[in-house]
Amino acid sequence: TNLLRKYACLITFFFAASVMRDITSFRLISWYNISRSSSIPGGKDSSYNIPGPSARQDGKGSWCILVPAYRPAFKVLNRLIHRTVMLATDLEAIRLFAILSDSEEHSDFIKEFPVAAHQLTILNFDKLLNNSKLASSQLDSGTKLAKAIARTKIKVWDPRRVTQALKKFLGLETMHRVHGCSSAWVLDSESVPLRKFSFAEQFLDYEQNPRILVSNLSDPSMKMNARHARLQNNALAGLKLPSKVTNGSVLSFRTVDFWMLSLRRVSQMMEYFSRIHNKPFANAFMRNPAGVPVYYGNYMWHFFPNETSFVVYPTSIKEAGIKPSGKVQAEASKDIFVCKGQAPWTDEQRMQILGTNGTLAWVRGFRFEHLPTNGCEGNVSGAQSLLLKSDVTWATSNFDNQVRPV
C-alpha cells in the first residue's frame, strides 16, 4: 500500500510539473506573439503572427474586405496590408481578399511579398471568368475580355476601368457564394489607414444603419459633372430603369470612394441583371458599364429603399443649416480635404460636417489626392486639424502623404 502511495505521489508530481510547464510556455508564447504583432515586421521572411485567412471567420455572417489589384499596384497593395496589420485593433474579425488578374500575378505577388500574401485570400480574375453564369466562353480569360471591350468601343469609360469594375463584381459574388461573406468593404489598392481603428466597430455601424452617400447633381449648389451623369445613365439603362426612378434628379453614387455593401443584394442584382438581358453578367455589363457603387446604389434606391438610408450631398448638409459659399463638386472629397480657400465650406463648417453627429461623421474614408503634398502655401495644417478632430480613418485613393497619419 505504501509503495502504491509513493507511485501515486510521483505520478501526481510529474503531471503537475508538466501542466505548469505547458502553462508557462503558453504564457511566454502568447506574450511573444502579442509583442511581435504590435509592429510591422522589417523583412520579407518575418511573420505577423496573426492567423492567416483560413483561421479567421469563414462562414455565414462574416465580414470581408475586397481589394482589386494588378501588377503595377503590387507595392501599394503591400503597403495597405502592412499598415492594416499595424493599425487594426481586431484584424481577426475580418477576412482580407485581393483579386488579381491571373495565376501568374498571383504567383508573383506571393514570391515578391510573402508576408502580405499570408494575410490574404487571393482570387484570380481569369478563373472567375470561367464561370459560365458570369461570362460566356468568348470572355473566359482576361485577354479575350480586353479584346471584347476594345471591339465594343465604350466611350464613357476607358477599358481599364471596365475591367476593374468587373473584377470587383465577380470578386464580390465569389466572396458571397463560395466564402460565405455577408457584408463587404471595397478598397482600392492605393488606400491606406491613417489611425488605429476597429473593423468590428465599422461593420457593426454599417449593419445597424446601412447608409449610402449619393451626390445630387440636380441640386442648385452642385456643379454638373457630365461624366458622372453618363455613368448614372449607363447604370439605369443596364438595370432597365427609367430616369424617373430617382425622382427626376440626376444622382451620382460615386462620391468619396467609401463603399460598404450587402453581398446578398450584390449577388441578387447580378442575377437580375443577367436575367433581364438574357446573357451572362460580364457580357451584358460591357454594353452599359459603370462602377459597383453606381449600380449598387441605383439597385438599392429602386428595389430596397427601406433597407438603406441615402445621405444626399450637399442637400442633407444644407438641410442641417450648413450653406456652402459656392458650387460644390460631385466628388465630395474635392470639397472637404483641399487647400484652404478652395473649398465651398469654411473650416468651421467642415468640422461641423465631419464632427460628432455631423452629416458625414459616419464616412470613414475620403480621397486625399486633391490636397497636394506641396503648393498649398502652408495650409495643409487645416486638413491635418480636420483629420485629428474627425473619425476619418482611411485615405481611400492615391494617398501620397498629403497628411500625417495620427
Before giving the answer on side-chain contact (heavy atoms from CB on, under 4.5 Å), spell out for E331 and H370 the whole-Å C-alpha distance, their side-chain angles and the decisive distance to 0.1 Å. CA-CA 10 Å; E331 296 177 14; H370 309 295; 4.0 Å; yes

Gap separating the OG atom of S262 from the CG atom of L172, nearest 0.5 angstrom: 10.5 Å

Identify the two heavy atoms, one from C64 and one from F97, that lie closest to each other, and give their separation to 0.1 Å. SG-CE1, 3.7 Å

Aromatic centroids of F197 and W394 separated by under 6.0 Å: yes

Where is the tightest heavy-atom contact between L166 and F281, given as atom of each residue plus distance? CD2-CE2, 3.9 Å

Would D102 and R71 count as a salt bridge (Lys or Arg N to Asp or Glu O under 4.0 Å) here? Give the steps. CA-CA 10 Å; D102 50 39; R71 192 178 304 280; 5.1 Å; no

Flag side-chain contact, heavy atom, 4.5 Å: L387 against R195: yes

Is F399 close to R79 at the side-chain level, that is, under 4.5 Å between some pair of heavy atoms? yes

Tell me if the CG atom of N357 is crowded by more than 12 foreign heavy atoms within 6.0 Å. no

Which pair of non-hydrogen atoms, one from K240 and one from I276, has the smallest distance, and what is that distance? NZ-O, 3.0 Å

Going by heavy atoms in the side chains, are L239 and M269 under 4.5 Å from each other? yes

Expected output: side-chain D90 to main-chain A93 donor-acceptor under 3.5 Å: no

Going by atom types alone, do T121 and R95 pair a side-chain donor with an acceptor below 3.5 Å? yes

Which heavy-atom pair separates P68 from L66 by the least distance, and what is that distance? CD-O, 3.8 Å

Can you tell me how far the OG1 atom of T396 sits from the CH2 atom of W185, to the nearest 0.5 Å? 8.5 Å

Check whether any side-chain heavy atom of L91 sits under 4.5 Å from a side-chain heavy atom of L96, and report yes or no. yes

Among Y299, F125, F285, the one residue meeting ring pair (Phe, Tyr, Trp, His ring centres under 6.0 Å) with F169: F285

Short question: side chain of E190, backbone of V76 - any donor-acceptor pair under 3.5 Å? no

Using the rule given for side-chain contact (heavy atoms from CB on, under 4.5 Å), can you reason through Y313 versus S252, listing the C-alpha separation, both sets of side-chain angles and the distance that settles it, and then say yes or no? CA-CA 10 Å; Y313 181 80; S252 172; over 6 Å; no

One should read off an interatomic distance between L241 CG and H302 NE2, to the nearest 0.5 angstrom, of 5.0 Å

For V256, which of S333, S397, P293 qualifies under side-chain contact (heavy atoms from CB on, under 4.5 Å)? S333

Are side-chain heavy atoms of P344 and Q329 found at a separation under 4.5 Å? no

Looking at V294 and F253, what are the two nearest heavy atoms and their distance? CA-CB, 3.9 Å

Side chain of K167, backbone of V162: donor and acceptor closer than 3.5 Å? no

A quick test of your reading: do over 12 heavy atoms of other residues, nucleotides or ligands sit less than 6.0 Å from NZ of K75? no

Kindly indicate, with the supporting measurements, whether the criterion side-chain contact (heavy atoms from CB on, under 4.5 Å) is fulfilled by R364 and E201. CA-CA 11 Å; R364 302 299 176 87; E201 179 184 317; 3.7 Å; yes

Residues in side-chain hydrogen bond (donor to acceptor under 3.5 Å, both in side chains) with R367, at least two apart? D257, E369

Begin with the C-alpha distance, continue with both residues' side-chain angles, and end with the deciding distance and a verdict on side-chain contact (heavy atoms from CB on, under 4.5 Å) for H176 and V266. CA-CA 9 Å; H176 179 63; V266 170; over 6 Å; no

Taking K196 for the side chain and A88 for the main chain, is one N or O donor matched with an acceptor at less than 3.5 Å? no

Quick check: do V338 and W345 have side-chain heavy atoms less than 4.5 Å from each other? no

Expected output: side-chain N130 to main-chain D126 donor-acceptor under 3.5 Å: yes

Are L123 and H179 side-chain neighbours, meaning at least one heavy-atom pair lies under 4.5 Å? yes

Between L386 and V403, is any pair of side-chain heavy atoms under 4.5 Å apart? no

Of all heavy-atom pairs between V250 and A229, which one has the smallest distance, and what is that distance? CG1-CB, 4.1 Å

Got a second to check how far L236's CG is from N298's CG, nearest 0.5 Å? 4.5 Å

Going from NE2 on H82 to OG1 on T84, what distance comes out if it is rounded to the nearest 0.5 angstrom? 10.5 Å

side-chain contact (heavy atoms from CB on, under 4.5 Å) partner of L263, chosen from C181, S183, S182: C181

Rounded to the nearest 0.5 Å, what separates atom CD in Q402 from atom CG in L194? 9.5 Å

With distance as the sole criterion, is a donor-acceptor pair present between the side chains of S103 and N124 under 3.5 Å? no

What residues, two or more places apart in sequence or in another chain, satisfy salt bridge (charged side-chain N to carboxylate O under 4.0 Å, His left out) together with E307? R265

Hey, what's the ring geometry for F199 with F203, parallel, tilted or perpendicular (30° and 60° as the breaks)? tilted

Looking at D188, is its backbone amide N or carbonyl O close enough to the side chain of S191 to form a donor-acceptor pair, meaning the two atoms are under 3.5 Å apart? yes

K389 atom NZ, neighbour heavy-atom count above 12 within 6.0 Å: no

